[in-house]
Amino acid sequence: MDTQKEALQRIVTTLANKNDEIQNFIDTLRHRLRGVQANSTKVLSDLDDEFDSLYSFLDEMKESMSNTIKQEQARKTQELQNQLTQCTNALESSEELLEFASQSLSIKEPEEFTKAARQIKDRVTMAAAFRLSLKPKVSDNMTHLMVDFSQERKIVQALKFLPVPKAPEIDPADCIVADNCVTVAWRMTEEDSKIDHYVLEYRKTNYDGLPRVKDERCWELIDHIKDTEYTLSGLRFDSKYMNFRVRACNKAVAGEYSDPVTLETKALMFSFDNTSSHLNLKVEESVVEWDPTGGKSQENKVKGKENKGSGHVTLLKNNTSGTPSPKRTSVTSRPATVRGSRDRFTGESYTVLGDTAIESGQHYWEVKAQKDCKSYSVGITHKTIGKFDQLGKTNTSWCLYVNNWLQTTFAAKHNNKAKALEMTVPDRIGIYCDFDGGQLAFYNADTKQLLYSFKTKFTQPIIPGFMVWCGGITLYTGLQVPSAVRTLQKSENGMSGSSSSLTSAVQ
């Protein structure tokens with residue numbers, strides 16, 4: 001019966017997965033159908049625009065060439081008209097002189113004849129008819145302005161749709177995911193010397209397999225990539241996977257997208273748990289700050305009331321190994337809309353926990369303190385840590401402790417024992433946790449120098465823990481375990497940074 005039930009359950013799971021896969025494919029087909037309609041409308045509109053632009057250009061060319069012909073016509077007409085006027089006037093003057101000369105031939109008086117002959121000679125010498133060029137200044141030929149569009153006509157007749165580059169191929173085996181960077185590599189299935197650049201698109205997702213159409217983020221784009229690989233760096237891995245696709249572009253048009261690939265980008269993501277923080281801590285998603293006035297707005301509501309709510313809590317005495325105590329502060333219950341029915345931490349335990357438990361695997365996160373922060377601790381703890389407990393003072397919590405109050409203290413703490421660290425406190429601390437290997441290590445996040453390492457055995461889920469006094473810290477998650485840390489962990493083997501007095505096995 002149980003065996004049959006398990007087999008049937010496997011069948012149900014397989015069918016459900018297959019149905020989900022088919023539904024996603026149906027959504028993809030519908031999305032692609034809408035894309036065909038939209039893109040066809042667009043290219044038809046683009047075609048009309050291109051032809052309209054061509055018609056407009058041809059009309060402009062025709063207008064320009066027509067104007068050139070008309071200007072040449074006007075120039076030649078003016079030249080010939082001027083020459084015609086000059087010749088007509090010269091002819092009239094010459095005919096008048098001819099008539100005068102003919103009449104002078106009949107003069108009988110020698111003296112008068114001589115005088116007339118002298119006048120005629122002078123007039124002939126000055127006559128325009130003898131200074132005119134009897135050759136037309138311009139020809140009537142206009143063949144130099146004729147056109148022959150036979151070659152252009154052939155070019156127009158040879159017009160085709162633009163050559164589109166083939167889709168590239170992304171090989172997941174050539175892609176690298178490390179140190180919160182993703183290197184995507186691709187190749188062309190056919191040699192294409194006309195490719196100018198590539199366009200890479202990516203988006204985050206929590207679904208494995210083919211990209212989904214519904215309920216997904218928009219694609220982000222990186223353009224003008226000249227090489228056949230690209231590295232995205234400084235990513236925050238706040239999703240389990242990332243989809244990638246790429247297309248090749250020539251000078252005119254972009255080609256088809258490659259088949260999308262999905263790469264795993266899993267990393268520990270968590271935030272500060274506001275419901276677990278001390279009253280004097282102001283908590284946002286990734287920032288926690290000391291707030292000495294926390295809860296004072298509620299004090300007046302409980303003053304004078306007997307046996308109601310939380311009364312004054314006596315703060316623990318300050319000691320050199322713990323978090324320094326500020327001026328005594330009256331603490332009251334927080335509004336239910338913010339905190340629920342009680343405070344998780346109180347007294348000198350200025351603590352806030354992460355909102356995600358660690359039960360297996362290797363994880364890494366970082367913390368950066370504000371420059372004026374007087375004291376803070378970063379580490380891990382069991383869920384069972386008490387509301388008055390401080391990190392590192394119990395056998396179920398481990399931490400690095402920094403105190404800048406009066407004098408600087410930098411120490412590793414566990415089970416109320418401290419190991420002073422003779423090194424400079426880094427600006428940013430990296431925390432590495434190997435749950436299955438029982439390893440907790442702290443690093444300089446910038447240089448990856450090992451600060452300290454605990455070796456233990458985790459028998460219960462653990463939670464990132466933080467303590468802050470007079471200042472604030474910023475939390476950075478969604479980080480992979482850095483390659484340098486993995487290498488150091490192999491070489492250190494969890495021993496060189498540890499102190500035997502702080503090494504323990506927690507039951």
Once you round to the nearest 0.5 Å, how far does [atom1] of [X] lie from [atom2] of [Y]?
{"X": "L400", "Y": "L421", "atom1": "CG", "atom2": "CG", "result": "6.0 Å"}
{"X": "D273", "Y": "E285", "atom1": "CG", "atom2": "CD", "result": "12.0 Å"}
{"X": "K383", "Y": "L353", "atom1": "NZ", "atom2": "CG", "result": "10.5 Å"}
{"X": "N404", "Y": "T409", "atom1": "CG", "atom2": "OG1", "result": "8.5 Å"}
{"X": "H414", "Y": "T396", "atom1": "NE2", "atom2": "OG1", "result": "8.5 Å"}

Sequence neighbours excluded, every pair satisfying ring pair (Phe, Tyr, Trp, His ring centres under 6.0 Å) that has a member inside residues 224-253: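 Passing the test, one end in residues 224-253: H197-H224.
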salt_bridge([X], [Y]) N-O dist < 4.0 Å:
{"X": "D427", "Y": "K368", "answer": "no"}
{"X": "R245", "Y": "D259", "answer": "no"}
{"X": "D46", "Y": "K42", "answer": "yes"}

Please check if any side-chain donor atom of [X] sits under 3.5 Å from a side-chain acceptor atom of [Y], or the reverse.
{"X": "T183", "Y": "T231", "answer": "yes"}
{"X": "Q362", "Y": "Y432", "answer": "yes"}
{"X": "T351", "Y": "S349", "answer": "yes"}
{"X": "Q460", "Y": "E359", "answer": "no"}

Could you go through residues 470-483 and list every donor-acceptor pair under 3.5 Å that involves a side-chain atom there, pairing it with any protein atom two or more places apart or in another chain?
{"residue": "T477", "atom": "OG1", "partner": "R236", "partner atom": "NH2", "Å": "3.2"}
{"residue": "T477", "atom": "OG1", "partner": "F270", "partner atom": "O", "Å": "3.3"}
{"residue": "Q480", "atom": "OE1", "partner": "D179", "partner atom": "N", "Å": "3.2"}
{"residue": "Q480", "atom": "OE1", "partner": "N180", "partner atom": "N", "Å": "3.1"}
{"residue": "S483", "atom": "OG", "partner": "D179", "partner atom": "OD1", "Å": "3.3"}
{"residue": "S483", "atom": "OG", "partner": "D179", "partner atom": "OD2", "Å": "3.0"}

Quick one: closest heavy-atom pair of [X] and [Y], and the distance?
{"X": "M269", "Y": "T356", "result": "O-OG1, 3.6 Å"}
{"X": "Y401", "Y": "S375", "result": "CE1-OG, 3.5 Å"}
{"X": "G392", "Y": "S397", "result": "N-OG, 2.8 Å"}

Exercise answer: donor-acceptor pairs, residues 10-22 side-chain atoms, under 3.5 Å, sequence neighbours excluded:
{"residue": "T13", "atom": "OG1", "partner": "Q9", "partner atom": "O", "Å": "3.0"}
{"residue": "T14", "atom": "OG1", "partner": "R10", "partner atom": "O", "Å": "2.8"}
{"residue": "N17", "atom": "ND2", "partner": "T13", "partner atom": "O", "Å": "3.3"}
{"residue": "K18", "atom": "NZ", "partner": "E21", "partner atom": "OE1", "Å": "3.4"}
{"residue": "N19", "atom": "ND2", "partner": "L15", "partner atom": "O", "Å": "3.4"}
{"residue": "D20", "atom": "OD2", "partner": "R212", "partner atom": "NH2", "Å": "2.5"}

Could you walk me through whether D436 and S360 pass the side-chain hydrogen bond (donor to acceptor under 3.5 Å, both in side chains) check? CA-CA 6 Å; D436 303 310; S360 63; 5.1 Å; no
Are [X] and [Y] close enough that their ring centers fall under 6.0 Å?
{"X": "W290", "Y": "Y350", "answer": "yes"}
{"X": "F442", "Y": "Y452", "answer": "no"}
{"X": "Y257", "Y": "W219", "answer": "no"}

Can a cation-pi geometry be assigned to K448 and Y443, taking NZ or CZ under 6.0 Å from the six-membered ring centre and within 45° of the ring axis?
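No cation-pi geometry.
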Quick one, K204 with D238, criterion salt bridge (charged side-chain N to carboxylate O under 4.0 Å, His left out). Give me CA distance, side-chain angles, the key distance, then yes/no. CA-CA 8 Å; K204 298 179 179 181; D238 51 2; 2.9 Å; yes
Counting only heavy atoms not in E256, do more than 12 sit closer than 6.0 Å to its CD atom?
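Check fails, neighbour count at 12 or below.
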>> Strictly distance-based, threshold 3.5 Å: is any side-chain N or O of K226 a donor or acceptor partner for the main-chain N or O of D196?
In response: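 Yes, the answer is positive, given that a donor and an acceptor are paired below the 3.5 Å cut-off.
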Exercise. Relative to the ring of W398, is the ring of F458 parallel (under 30°), tilted (30 to 60°) or perpendicular (over 60°)?
Worked result: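 Perpendicular: the ring planes of F458 and W398 meet at over 60°.
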